[in-house]
Amino acid sequence: MNQFEVNFYREKDGSKPVGVFIRSLPTKLRAKVVADLNLLEEYGFLAREPLSKHLEDGIFELRTKEGNSIVRILYFFDREKIIIATNGFVKKTQKTPKSEIILAKKCRTNYYLWKERQQNE
């Protein structure tokens, strides 16, 4: 049984961008990403390179490689056992693009604002 639970960030319209991204990947790569998400659920905070890496300010990346393809799924922790996957991309450069980190932070902010509104209703 997994120690952690990975949830996909939801937009206001209910869509899950990271889910759409994962479904768009070729079959073998998609399977590897899903397997790595399962490992992340198992290891959580203990996940380290090469599986996971802290980027900045509580934003982490799940690191998946299949052949020559490199995929990153950005995520953050909510409470102790919940992981929120925010966005994903196929890596083409050495460094993670700043725009992807900014997007993950924006998703995190929106997530907590939504969560606070839910608690106050």
Side-chain angles (χ1 to χ4, degrees):
M1 183 161 168
N2 293 329
Q3 297 286 329
F4 292 79
E5 178 183 332
V6 173
N7 294 321
F8 292 167
Y9 169 79
R10 283 181 188 263
E11 294 285 354
K12 286 181 183 177
D13 66 3
S15 66
K16 299 176 186 176
V18 77
V20 172
F21 168 73
I22 291 168
R23 284 191 300 278
S24 75
L25 296 171
T27 305
K28 282 181 81 172
L29 187 54
R30 180 175 49 232
K32 183 80 165 80
V33 169
V34 169
D36 286 347
L37 284 167
N38 288 329
L39 286 173
L40 184 61
E41 285 187 325
E42 188 175 332
Y43 293 110
F45 293 116
L46 299 177
R48 298 287 185 263
E49 289 187 54
L51 178 65
S52 175
K53 180 181 178 184
H54 180 256
L55 296 175
E56 63 179 64
D57 191 28
I59 300 295
F60 296 79
E61 66 178 5
L62 181 69
R63 305 158 60 98
T64 300
K65 185 171 184 183
E66 175 62 37
N68 291 330
S69 299
I70 300 171
V71 168
R72 298 293 188 252
I73 304 291
L74 302 191
Y75 67 93
F76 64 91
F77 290 91
D78 176 21
R79 293 177 295 192
E80 292 180 20
K81 303 290 183 187
I82 304 294
I83 298 167
I84 306 297
T86 57
N87 52 306
F89 61 97
V90 175
K91 192 166 182 197
K92 297 184 186 315
T93 63
Q94 194 67 15
K95 287 185 67 102
T96 297
K98 190 72 173 168
S99 61
E100 296 291 343
I101 297 170
I102 290 168
L103 178 58
K105 288 179 178 181
K106 180 181 166 212
C107 292
R108 180 178 61 189
T109 298
N110 290 341
Y111 171 83
Y112 282 120
L113 287 172
W114 173 84
K115 191 173 171 183
E116 186 177 316
R117 279 194 300 270
Q118 294 296 107
Q119 291 171 346
N120 291 331
E121 288 183 355

Can you tell me how far NZ of K32 sits from CG of L37, rounded to the nearest 0.5 angstrom?
11.0 Å
Single-linkage hydrophobic cluster L103~L55, side-chain heavy atoms < 4.5 angstrom
no
Would you kindly confirm whether I73 and V6 end up in one hydrophobic cluster when ILVMFWY residues are joined by side chain heavy atoms under 4.5 Å apart?
yes
When rounded to the nearest 0.5 angstrom, what distance separates CD1 in I59 from CZ in F77?
11.0 Å
Taking every heavy atom of A104 against every heavy atom of T86, the minimum-distance pair comes out as CB-OG1, 3.4 Å
Would you find a donor on one side and an acceptor on the other, under 3.5 Å apart, between the side chain of S15 and the backbone of P17?
no
Quick one: does K115's side chain get under 4.5 Å of D78's, heavy atoms only?
yes
Salt-bridged, K98 to E56, with N to O below 4.0 Å?
yes
Enter the distance from R30:CZ to T27:OG1 here, rounded to the nearest 0.5 Å.
4.5 Å
State which residues pass side-chain hydrogen bond (donor to acceptor under 3.5 Å, both in side chains) with S69; sequence neighbours excluded, sorted by chain then number.
none
Please check if V18 and F89 belong to a single hydrophobic cluster, counting links between Ile, Leu, Val, Met, Phe, Trp and Tyr side chain heavy atoms closer than 4.5 Å.
no
Treat each ILVMFWY residue as a node, draw an edge where side-chain heavy atoms are under 4.5 Å apart, and state whether L39 and V71 are in one component.
yes
In the structure I gave you, are the side-chain heavy atoms of V33 and D36 within less than 4.5 Å of one another anywhere?
no
Quickly, which of I83, I22, V20, I84 forms a side chain to side chain contact (heavy atoms under 4.5 Å, CB included) with F8? Name it, please.
I22
With rounding to the nearest 0.5 Å, note down the distance linking CZ in F45 to NZ in K81.
7.5 Å
Can you establish whether the number of heavy atoms outside D13 located under 6.0 Å from its atom CG is more than 12?
yes
Hey, does I70 have a side-chain heavy atom less than 4.5 Å from the side chain of V90?
no
Using the rule that two of Ile, Leu, Val, Met, Phe, Trp, Tyr join whenever any of their side-chain heavy atoms come within less than 4.5 Å, decide whether L25 and L74 are in one cluster.
no
Go through the steps for I101 and K105 under the test side chain to side chain contact (heavy atoms under 4.5 Å, CB included), then give the verdict.
CA-CA 6 Å; I101 297 170; K105 288 179 178 181; 4.0 Å; yes
Note, L40 side chain near F60 side chain (heavy atom, < 4.5 Å):
no
Rounded to the nearest 0.5 Å, how far does NZ of K91 lie from OG1 of T64?
12.0 Å
Decide yes or no on side chain to side chain contact (heavy atoms under 4.5 Å, CB included) for N7 and I82, but give the supporting numbers first.
CA-CA 7 Å; N7 294 321; I82 304 294; 3.6 Å; yes
Quick one, R72 and R63 - any side-chain contact, counting heavy atoms below 4.5 Å?
yes
Using the benzene-type ring in the case of Trp, are the ring centres of Y9 and Y111 under 6.0 Å apart?
no
Centres of the Y112 and F76 rings: under 6.0 Å?
yes
Atom OH of Y43 with >12 non-hydrogen neighbours under 6.0 angstrom
no
Count the heavy atoms belonging to other residues, nucleotides or ligands that lie under 6.0 Å from CD of E80, then report whether that count exceeds 12.
no
So, the side chain of E61 versus the backbone of K53: is there a donor-acceptor pair under 3.5 Å, distance only?
no
